[in-house]
Asker: 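Let me begin by handing over the structure; questions about it come next.
Position 1 is the first residue of the sequence; numbering continues from there. All figures in this text were calculated on a predicted structure; none of them were measured in a lab.
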Amino acid sequence: MTTPARKRRRTPAKTQTWSNPQLEEWGLSRGQQRLLAVVGSVAGVLVAAVVLTFVIGSMSSDFVPERATAAAISTQPRPDAYKGWVSPKLFAPIARSKADPAPLTLKDVFAEKVLKEGRTTLKLAATKMDADCSAVVWGQGLTDQLAQAGCTQAARGVYTDGRHVAQYTLLNLRDTASADGLVQSLTTMHRGGWTHLLASGRARFPIGGYTEASGHAMGHYVGLVWIGRADGAEPGAKDDFVSLSLAVRGAEKAVFRRVVAAGPAPAP
């Protein structure tokens with residue numbers, strides 16, 4: 001007679017403290033991190049960052065931008081290459097500005113004076129907040145679309161490491177539909193309208209120089225990344241435009257905190 005095998009008792013699972021190093025760096029407490037996990041998968045956020053790195057890397061190495069014709073050249077610098085991304089589901093809690101009514105502040109968006117990504121270290125050179133979004137851009141088409149999108153604020157910060165210049169612009173719009181529409185329209189509209197470069201003696205894109213840009217819808221916000229070499233030359237072997245772009249997006253920590261503030265309470 002065969003003796004039945006004993007059932008192995010389950011060892012009670014150890015209580016885990018949910019924590020994510022990247023989100024801790026962004027200033028989110030463990031409770032806020034759990035809440036962010038409810039709003040959307042943190043793993044998805046990290047995967048998105050990897051995908052972003054790949055896409056921007058492809059833009060830098062493989063994408064051959066269409067140069068502006070002589071008639072379209074403006075006295076204002078504009079990006080030679082642009083990519084836009086619509087809002088991920090993670091930002092659903094701030095899909096409308098009514099769910100996130102507190103105005104942006106420069107202290108909130110540009111709290112960090114130094115941004116790092118890999119070997120890239122950017123120092124904040126200047127910031128400015130404008131309530132009149134039309135004063136921040138040039139080009140009638142872009143001005144009109146911002147008005148239609150209900151733009152109420154435009155926060156700009158310009159960074160440099162001496163060799164490169166990077167500007168981040170955060171636009172406060174009415175809703176996700178307006179934000180998605182803007183980043184998609186800029187795929188062609190950037191050739192005839194873009195943001196003004198924030199004046200700074202230490203950081204400036206030379207007129208006619210090569211620059212790249214990307215637009216990121218995040219709920220009712222749009223983040224515009226604009227990067228290039230200070231001398232206007234196209235990127236070479238020593239220019240890591242992927243890290244440069246990811247570094248300047250450190251300003252988006254403020255938007256993630258608003259997702260947490262507007263999100264549902266975590267399940268007990």
Asker: To the nearest 0.5 Å, what is the distance between CG on L170 and CG on D108?
Answerer: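 If we round to the nearest 0.5 Å, L170:CG and D108:CG are 9.5 Å apart.
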Asker: Tell me the closest heavy-atom pair linking L115 and G250, and the distance in Å.
Answerer: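 So the two residues come closest at CD2-CA, 4.3 Å.
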Asker: With sequence neighbours excluded, tell me which residues meet side chain to side chain donor-acceptor pair (under 3.5 Å) with S243.
Answerer: D240
Asker: Give, for atom CZ of F256 and atom CD1 of I94, the distance between the pair rounded to the nearest 0.5 Å.
Answerer: 9.0 Å
Asker: Between CZ of F241 and CD of E234, what distance do you get to the nearest 0.5 Å?
Answerer: 9.0 Å
Asker: Please lay out, stage by stage, how L182 and L142 fare under the test side-chain contact (heavy atoms from CB on, under 4.5 Å).
Answerer: CA-CA 8 Å; L182 179 61; L142 179 53; 3.7 Å; yes
Asker: Excluding sequence neighbours, so at least two apart, what forms salt bridge (Lys or Arg N to Asp or Glu O under 4.0 Å) with D144?
Answerer: none
Asker: Got T169 and V222 here, is their nearest side-chain heavy-atom distance under 4.5 Å?
Answerer: no
Asker: Can you hop from V114 to L106 via hydrophobic side chains spaced under 4.5 Å?
Answerer: no
Asker: Under a 3.5 Å cutoff, is there a donor and acceptor pairing between the side chains of Y221 and E252?
Answerer: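 Y221 vs E252: no donor-acceptor pair found between side chains.
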Asker: Please, which pairs that meet disulfide bond (SG atoms under 2.5 Å apart) have at least one residue in residues 120-234, sequence neighbours excluded?
Answerer: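 Residue pairs with at least one partner in residues 120-234: C133-C151.
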Asker: To the closest 0.5 Å, what do you measure between CD (Q153) and CG (L104)?
Answerer: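 Spacing of CD (Q153) from CG (L104) equals 4.5 Å.
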Asker: For residues G162 and A230, report the shortest heavy-atom separation together with the two atoms involved.
Answerer: O-CB, 3.9 Å
Asker: Enter the distance from D231:CG to H164:NE2 here, rounded to the nearest 0.5 Å.
Answerer: 8.5 Å
Asker: Identify the two heavy atoms, one from G223 and one from Y168, that lie closest to each other, and give their separation to 0.1 Å.
Answerer: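 Taking every non-hydrogen atom into account, CA-OH, 3.3 Å.
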Asker: Can you check whether L224's main-chain N or O pairs, donor with acceptor, with Q167's side chain at less than 3.5 Å?
Answerer: no
Asker: If the condition is salt bridge (Lys or Arg N to Asp or Glu O under 4.0 Å), which residues does R163 pass it with, not counting sequence neighbours?
Answerer: D239
Asker: Side chains of P77 and W194: closer than 4.5 Å at any heavy-atom pair?
Answerer: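 No - every pair of side-chain heavy atoms lies 4.5 Å or more apart.
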Asker: According to the interplanar angle, ranging from 0 to 90°, do the rings of W85 and H216 count as parallel (below 30°), tilted (30 to 60°) or perpendicular (above 60°)?
Answerer: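 Ring orientation of W85 relative to H216: parallel.
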Asker: Taking the side chain as C-beta and beyond, is there a heavy-atom pair between L244 and V225 under 4.5 Å?
Answerer: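 The answer is no; the side chains never approach within 4.5 Å.
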Asker: Mind checking side chain to side chain donor-acceptor pair (under 3.5 Å) for T120 and listing every partner two or more places apart, or none if nothing turns up?
Answerer: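 None.
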Asker: Kindly give the heavy-atom pair with the smallest separation between A154 and V136, and that separation in Å.
Answerer: CB-CG2, 3.7 Å
Asker: Looking at OG1 of T121 and CD of E117, how far apart are the two atoms once the value is rounded to the nearest 0.5 Å?
Answerer: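 So the OG1 of T121 and the CD of E117 are separated by 10.0 Å.
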Asker: If you look at every heavy atom in A155 and M129, which pair is closest and at what distance?
Answerer: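 Smallest interatomic distance, heavy atoms only, reads CB-CE, 3.7 Å.
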Asker: If only atom types and distance count, is the side chain of Y82 paired as donor or acceptor with the main-chain N or O of R191 below 3.5 Å?
Answerer: no
Asker: Any idea which heavy atoms bring A262 and P93 closest together, and the distance?
Answerer: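 Between these two residues, the closest heavy atoms are CB-O, 3.7 Å.
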Asker: Test side-chain contact (heavy atoms from CB on, under 4.5 Å) on V255 and V109; report intermediate values, then the result.
Answerer: CA-CA 8 Å; V255 179; V109 182; over 6 Å; no
Asker: Would you confirm whether R229, through its side chain, and G209, through its main-chain N or O, come within 3.5 Å as a donor-acceptor pair?
Answerer: no
Asker: With no hydrogens and no angle check, do the side chains of W226 and T211 hold a donor and an acceptor under 3.5 Å apart?
Answerer: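 W226 vs T211: donor-acceptor pair found between side chains.
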Asker: Hey, mind stepping through V165 and R204 against side-chain contact (heavy atoms from CB on, under 4.5 Å) and telling me if it holds?
Answerer: CA-CA 7 Å; V165 178; R204 179 173 295 277; 5.8 Å; no
Asker: Applying disulfide bond (SG atoms under 2.5 Å apart) as the test, list every pair that has at least one member in residues 152-237; sequence neighbours left out.
Answerer: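 Qualifying pairs: none.
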Asker: Give a yes or no answer on whether the side chain of H220 reaches the backbone of A95 with a donor-acceptor pair at less than 3.5 Å.
Answerer: no
Asker: Do side-chain atoms of R156 reach the backbone of K128 as a donor and acceptor pair under 3.5 angstrom?
Answerer: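 Such a contact is absent between R156 side chain and K128 backbone.
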